[in-house]
Amino acid sequence: MGFMSTDQQKQLLSKMATGNGHGEDSPYFDGWKAYDSNPFHLNNNPNGVIQMGLVENLLSFDVIQEWVLNNPKASICTPEGINEFRDTAIFQDYHGFPEFRNAIAKFMGKVGGGRVTFDPDRIVMSGGATGAHEILAFCLADPGDAFLVPTPYYPGYDRDLRWRTGAQLLPVQCDSSNNFMVTISALELAYQKAQDANIKVKGLIINNPSNPLGTVLNGETLKTIVNFINEKNIHLVCDEIYAATVFCQPRFISIAEIINDMDGVNRNLIHIVYSLSKDMGFPGFRVGIVYSYNDAVVSCARKMSSFGLVSTQTQHLIASMLSDEHFTERYIVESAKKLAERQRRFTRGLAQVGINFLKSNAGLFLWMDLSSLLKEKTVEEELTLWRVIINEVKLNVSPGSSFHCSEPGWFRVCFANMDDATMEVALRRIRTFALKAKEADVPRKKQSWQNNNLRFSFKSGKYDDVLLSPRMMSPCMRSPHSPIPQSPLVRA
C-alpha cells in the first residue's frame with residue numbers, strides 16, 4: 001500500500017474523516033490511552049496505571065448477576081428462553097418491544113421516587129446516551145445553531161452534540177464561589193453573549209445529577225431554568241442518566257416532576273435523555289432513551305433511531321429485568337448503600353492529607369481540588385500537574401479543563417469502577433503524592449514538577465503501610481480491575 005500525504009488524504013476523504021471534531025486528541029482521552037498502554041492489575045501489573053477516568057458502576061453487579069442466574073428465561077440463549085429466540089431475532093420495528101418501553105418508563109418513574117409517571121409511547125430508544133443526545137441535537141438545531149451548557153460539563157458533549165450535527169456549545173460559566181450552582185445571572189450573560197455574536201440559541205443542556213460534580217439541582221434552580229427557557233422560547237434538554245446514583249439527601253428531582261407542578265410551561269420545549277449505562281452499569285448494552293413532550297420530536301427521533309437501535313436481544317433481557325419490581329427496588333437501595341460507603345471511604349482518605357473536594361451526594365466520581373499544588377492558576381499548570389499524576393503517580397484522572405471548568409486545578413476522580421483492593425492502592429498513591437508535594441513545598445518554591453523529588457516510585461511499596469490506618473484497610477478482593485476498554489470513543 002502506497003504512502004499518502006496528509007494533503008492527499010484530505011483531497012480523497014471528507015472533511016469529517018480528516019478533521020479532529022471528535023475530540024479524541026484531548027487530555028480527557030489521552031489519559032485513557034495511558035491506561036491502555038500500561039493497565040494496572042493487582043497481581044500481574046501492580047505498578048501500572050489505575051483507571052480513574054472511566055465512569056463505570058461496578059459496585060452492585062453481584063445483585064444483577066444473582067438475578068440473571070435466577071432468571072434464565074430472560075435470555076434467549078438458554079434452554080429456558082429458547083422459545084423466544086425466533087420472534088426476538090426477526091423483530092425489526094424501530095418502536096421497540098412494547099414490553100421494553102413499558103419497563104423503561106416504569107423504571108424511570110421509580111428512579112424519580114414514584115412522584116411522576118412516564119408515557120411508554122414517548123420512549124424512543126437509541127444507541128446509548130451518546131446517540132440520544134445526537135438525535136435531539138439533529139431534531140432541535142440546524143448547523144451553526146447553539147446550545148447553552150453550564151460548566152463544568154461532560155467532555156463527551158462536544159462530540160455527541162457537535163461533531164456530526166454542526167451545532168455549537170456555548171458555556172454558561174459557573175464557579176466554586178457557590179459550589180458551581182447554575183444561576184439566572186450566568187444564564188442571562190451567556191444568552192446575551194450569543195445574541196451579541198449573532199448566534200442563534202436553540203436550547204439549554206443540563207446534567208442532573210451532574211457529571212463531573214456529583215451534585216443534584218434543587219427544585220428552585222430547576223424552576224428558574226424552566227422559566228428561563230420558557231421566556232426565551234428555547235428548548236431544555238435534561239440529561240438524567242445518573243438519576244439512580246443519588247446515595248444521600250438531597251434527593252434527585254426529575255424535570256418531569258418540576259413541570260407537573262408549574263403552570264404556563266410550554267411542554268413542547270422539554271426533553272429528557274436517559275440511559276442504563278450509569279444507573280445500572282450497562283454501557284456495553286447501549287441502552288439510551290429520548291423522552292420528549294413534543295410530538296414532532298418523538299416522531300422524528302423515532303425515525304432517526306433506525307441508525308442506532310438497541311438490539312432486540314438486549315430489549316428482551318432488559319424488559320424482563322426491569323419488570324421485576326422486587327429486583328429494581330432492591331437494586332436501587334443496594335446501589336445507593338454501596339456508593340455511599342465507597343464515597344465515604346474515599347473522601348475520608350483524601351481529607352486526612354488535606355485534599356479538598358466538592359461535597360457531593362450522587363454520581364460515580366468526585367470533583368477533587370488540587371489547585372493548591374499549582375505553581376500558577378493556569379490551564380497550562382493544571383495540565384503539567386495532570387501529566388505528573390498520569391506518568392509518575394500512575395493514576396488516570398481527568399483534568400478540569402477538559403470539562404471546560406473556568407478554574408484550573410480541579411480534577412474528576414472516578415471511584416466506582418474498581419474493586420476495594422484497587423481503590424485502596426489508588427488512594428495510597430494519591431495520599432503519597434499529596435504528602436510528598438507538601439514536603440517539597442512546590443507552589444511557594446516554584447520547583448519544576450519534573451524535579452526528582454517529585455518522581456515517585458511505587459515499586460518498593462514503601463509508602464503502602466504508613467499512609468492508611470488499619471481501620472481504613474479493606475480485605476483484598478481477588479477480582480482484578482475491570483478489563484481494558486476496547487475504545488475510549490463511547491465509554492465516557
Exercise. Do His235 and Ile229 come close enough that some side-chain heavy atom pair is under 4.5 Å?
Worked result: no

Problem set entry | Side-chain donor/acceptor of Thr378 to backbone N/O of Glu381, under 3.5 Å | yes

Exercise. Can Asn45 and Asn38 be counted as having a side-chain donor-acceptor contact under 3.5 angstrom?
Worked result: yes

For this session: Inspect the surroundings of CD in Glu341 and state if more than 12 heavy atoms from other residues, nucleotides or ligands are less than 6.0 Å away.
Result: yes

For this session: Please check if any side-chain donor atom of Gln343 sits under 3.5 Å from a side-chain acceptor atom of Ser360, or the reverse.
Result: yes

Exercise. For the rings on Tyr291 and His271, is their centre-to-centre separation under 6.0 Å?
Worked result: no

Problem set entry | Close side-chain approach of Phe228 to Glu188, heavy-atom, < 4.5 Å | yes

Problem set entry | Side chain Ser401, main chain His404, donor-acceptor under 3.5 Å | no

Exercise. Is Glu382 salt-bridged to Lys377, cutoff N-O under 4.0 Å?
Worked result: no

For this session: Any chance you could measure Phe107, atom CZ, to Leu322, atom CG, to the nearest 0.5 Å?
Result: 5.5 Å

For this session: Could you tell me which residues satisfy ring pair (Phe, Tyr, Trp, His ring centres under 6.0 Å) with Phe403, sequence neighbours excluded, listed by chain and number?
Result: Tyr28, Trp367

Seminar exercise, completed: Output for pair (Lys223 NZ, Asp261 CG), nearest 0.5 Å, gives 6.5 Å

Exercise. Does anything in residues 241-260 pair up under salt bridge (charged side-chain N to carboxylate O under 4.0 Å, His left out), and if so which pairs, sequence neighbours excluded?
Worked result: Arg251-Glu257

Problem set entry | salt bridge (Lys or Arg N to Asp or Glu O under 4.0 Å) involving Glu240 - partner list, sequence neighbours excluded | none

Exercise. Does Tyr157 reach the side chain of Thr130, with side-chain heavy atoms less than 4.5 Å apart?
Worked result: no

Problem set entry | Arg286 side chain reached by Thr314 side chain, heavy atoms, under 4.5 Å | no

For this session: Please list, chain by chain and in numerical order, all residues satisfying side chain to side chain contact (heavy atoms under 4.5 Å, CB included) with Asn356, sequence neighbours excluded.
Result: Asp369

Exercise. Rounded to the nearest 0.5 Å, how far does OG of Ser126 lie from CD of Glu134?
Worked result: 10.0 Å

For this session: Run the ring-centre check on Phe357 versus Trp410 and record whether the distance is less than 6.0 Å.
Result: no

Exercise. Can a donor-acceptor pair be found between the side chains of Tyr242 and Asn208 at a distance below 3.5 Å?
Worked result: no

Exercise. Would a 4.5 Å heavy-atom cut-off, applied to side chains only, mark Tyr154 and Arg159 as touching?
Worked result: yes

Exercise. Are there more than 12 heavy atoms of other residues, nucleotides or ligands under 6.0 Å from atom NZ of Lys110?
Worked result: yes

Exercise. Can you check whether Ile184 reaches Ile225 side chain to side chain, under 4.5 Å on heavy atoms?
Worked result: no

Problem set entry | Salt bridge Glu424-Arg429, side-chain N to carboxylate O under 4.0 Å | no

For this session: Using ring pair (Phe, Tyr, Trp, His ring centres under 6.0 Å) as the criterion, list what pairs up with Tyr191, not counting sequence neighbours.
Result: none

Exercise. When you check the side-chain N and O atoms of Asn211 and Tyr153, is any donor under 3.5 Å from an acceptor?
Worked result: no

Seminar exercise, completed: Interatomic distance, CG@Leu339 vs CZ@Phe247, rounded to 0.5 Å, equals 6.5 Å

For this session: Taking only Lys NZ, Arg NE, NH1 and NH2, and the carboxylate oxygens of Asp or Glu, determine whether Arg345 and Asp420 approach each other closer than 4.0 Å.
Result: yes

Seminar exercise, completed: Rounded to the nearest 0.5 angstrom, the CE-CD1 distance for Met125 and Ile135 is 10.0 Å

Problem set entry | Between Thr224 and Thr221: side-chain donor-acceptor atoms closer than 3.5 Å | no

Exercise. Looking at Phe365, is Arg412 sitting on its ring face, NZ or CZ under 6.0 Å from the six-membered ring centre and within 45 degrees of the normal?
Worked result: yes

Problem set entry | Sub-4.5 Å side-chain heavy-atom contact between Leu54 and Tyr35 | no

Exercise. So, for Trp67 and Leu317, which heavy atoms are closest and what is the spacing to 0.1 Å?
Worked result: CZ3-CD1, 4.1 Å

Exercise. When you look at CD of Gln313, are more than 12 heavy atoms from neighbouring residues, nucleotides or ligands closer to it than 6.0 Å?
Worked result: no

Exercise. Would you say the side-chain atoms of Glu56 pair up with the backbone N or O of Gly281, donor to acceptor, closer than 3.5 Å?
Worked result: no

For this session: Without swapping roles, check the side chain of Asn361 against the backbone of Pro250 for a donor-acceptor pair under 3.5 Å.
Result: yes

Side-chain donor-acceptor pairs of residues 331-338 under 3.5 Å, sequence neighbours excluded:
| from | atom 1 | to | atom 2 | distance (Å) |
| --- | --- | --- | --- | --- |
| Tyr331 | OH | Asp279 | O | 2.9 |
| Lys338 | NZ | Leu59 | O | 3.4 |
| Lys338 | NZ | Asp62 | OD1 | 2.8 |
| Lys338 | NZ | Asp62 | OD2 | 3.0 |

Exercise. Picking from Ile205, Asn207, Leu136, Asp160, what satisfies side chain to side chain contact (heavy atoms under 4.5 Å, CB included) with Val273?
Worked result: Leu136

Exercise. Can you tell me how far CZ of Phe411 sits from CD1 of Ile389, rounded to the nearest 0.5 angstrom?
Worked result: 4.5 Å

For this session: Flag the pair Lys33 and Asp36 as a salt bridge only when some basic side-chain nitrogen lies within less than 4.0 angstrom of an acidic carboxylate oxygen.
Result: no

For this session: State, with a plain yes or no, whether a side-chain heavy atom of Phe118 is found less than 4.5 Å away from one of Ser254.
Result: yes

